[in-house]
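One structure below.
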Amino acid sequence: MANLLIVSHGNLAKEMTATARMIMGDFEGVHVLGLQADDHIETFYEKIKKECEQASEGLLILTDLAGGSPFIQASRCYYDMFERKTIEVVTGTNLAIVIECISQRAYKDVHELKELALSVGAGSIKSFEINKEVK
């Protein structure tokens, strides 16, 4: 079963996971790391690296913001380990992506989960509009 690591600024990863538990019930195999304002970036990288090393069946890393420090450190870990570990990184994570990846991780490998995350992310952004002619 693929493992998930959700990495964010502050407590966003922790809170998205807590909200997913509220909606879905309990689950395992999902880890979170939040970069706090006083964290040293090398220490944060080492935490991500440890999660990558411990993931025996592959790891999908979901990050909050493209170009942000959590994304950069996750990408760095991917670069350092992709030849010996199955790792994928997706950025721009939202709650819909987290829920879908958690619910499908038993049925999909890491590469399939990455594709699912990209598809769900693109499809979960909607605009609310009222058809004024029907009103």
Side-chain angles (χ1 to χ4, degrees):
M1 182 181 305
N3 294 289
L4 289 177
L5 173 61
I6 305 169
V7 181
S8 71
H9 292 87
N11 295 323
L12 182 61
K14 178 182 172 184
E15 295 302 327
M16 277 199 295
T17 305
T19 302
R21 275 196 175 84
M22 181 183 76
I23 294 168
M24 303 173 67
D26 202 22
F27 49 81
E28 295 180 5
V30 179
H31 301 269
V32 298
L33 290 173
L35 178 64
Q36 304 302 319
D38 58 347
D39 285 347
H40 189 273
I41 203 68
E42 280 304 311
T43 304
F44 190 69
Y45 169 77
E46 290 299 324
K47 290 177 183 178
I48 295 172
K49 184 178 175 185
K50 182 178 178 184
E51 292 288 340
C52 291
E53 289 170 343
Q54 292 177 348
S56 60
E57 296 183 46
L59 179 67
L60 175 61
I61 305 174
L62 301 174
T63 74
D64 59 351
L65 184 63
S69 295
F71 169 75
I72 291 168
Q73 298 313 309
S75 299
R76 180 179 161 203
C77 189
Y78 170 85
Y79 180 79
D80 289 347
M81 301 183 81
F82 78 94
E83 291 179 334
R84 55 183 201 265
K85 288 287 191 174
T86 304
I87 301 170
E88 294 285 0
V89 178
V90 173
T91 192
T93 297
N94 61 32
L95 186 58
I97 293 171
V98 169
I99 289 171
E100 283 298 317
C101 286
I102 290 169
S103 68
Q104 295 297 311
R105 58 188 275 273
Y107 312 106
K108 298 187 181 303
D109 68 24
V110 172
H111 306 296
E112 293 169 323
L113 277 180
K114 176 190 83 170
E115 294 304 320
L116 176 68
L118 294 171
S119 174
V120 169
S124 66
I125 299 170
K126 307 286 184 192
S127 171
F128 176 77
E129 295 179 10
I130 296 175
N131 186 341
K132 295 176 184 171
E133 294 175 13
V134 175
K135 203 174 173 186

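If you read the sequence from its start, that first residue is 1, and numbering goes on from there. Values below: all heavy atoms of this structure, side chains included; hydrogens, waters and symmetry mates excluded. The shown structure was predicted, so the numbers you read here are calculated from the model rather than taken from an experiment.
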**OP:** Indicate yes or no for a side-chain donor-acceptor contact from S119 to the backbone of L116 under 3.5 Å, with no hydrogens or angles considered.
**Re:** no

Original post:
Looking at L65 and F71, what are the two nearest heavy atoms and their distance?
Top reply: O-CB, 3.4 Å

Subject >> Minimum-distance pair of heavy atoms, taken over all atoms of M1 and A106 >> reply: CE-CB, 3.6 Å

Subject >> Side chains of C52 and I61 in contact at under 4.5 Å (non-hydrogen atoms) >> reply: yes

**OP:** Would you kindly say whether H9 and D64 are connected by a side-chain donor-acceptor distance under 3.5 Å?
**Re:** yes

Original post:
Quick one: are Q73 and I41 in side-chain contact, heavy atoms under 4.5 Å?
Top reply: yes

Subject >> Steps toward side-chain contact (heavy atoms from CB on, under 4.5 Å) verdict (L118, E115) >> reply: CA-CA 5 Å; L118 294 171; E115 294 304 320; 4.2 Å; yes

**OP:** Check G92 against I97 and note the closest heavy-atom contact, atom names and distance.
**Re:** O-CD1, 4.0 Å

Subject >> Residue pair R84 / M81, side-chain heavy-atom distance below 4.5 Å >> reply: yes

Subject >> Test side-chain contact (heavy atoms from CB on, under 4.5 Å) applied to K49 and D80, step by step >> reply: CA-CA 9 Å; K49 184 178 175 185; D80 289 347; over 6 Å; no

Original post:
What closest approach, in Å, do A74 and T63 show between heavy atoms, and which atom pair accounts for it?
Top reply: CB-CG2, 3.8 Å

Original post:
For V32, does its backbone N or O pair with a side-chain atom of K14 as donor and acceptor, under 3.5 Å?
Top reply: no

Original post:
If you measure from the Lys or Arg side-chain nitrogens to the Asp or Glu carboxylate oxygens, is any gap between E42 and R76 under 4.0 Å?
Top reply: yes

Original post:
Between the side chain of R105 and the main-chain N/O of N3, is any donor-acceptor distance below 3.5 Å?
Top reply: no

**OP:** Just do the side-chain contact (heavy atoms from CB on, under 4.5 Å) check on D109 and T86 with the steps written out, would you?
**Re:** CA-CA 10 Å; D109 68 24; T86 304; over 6 Å; no

Original post:
Are L113 and I99 connected, step by step, through hydrophobic side chains (Ile, Leu, Val, Met, Phe, Trp, Tyr) whose heavy atoms are closer than 4.5 Å?
Top reply: yes

Original post:
Between L35 and F44, which heavy-atom pair has the shortest distance, and what is it?
Top reply: N-CE1, 3.5 Å

Original post:
How are the rings of Y79 and F82 set to each other: parallel, tilted or perpendicular (split at 30° and 60°)?
Top reply: tilted

Subject >> Nearest heavy atoms of L5 and I48, plus distance in Å >> reply: CD2-CG2, 4.2 Å

Subject >> Side-chain donor or acceptor of S8 paired with backbone N/O of G34 under 3.5 Å >> reply: no

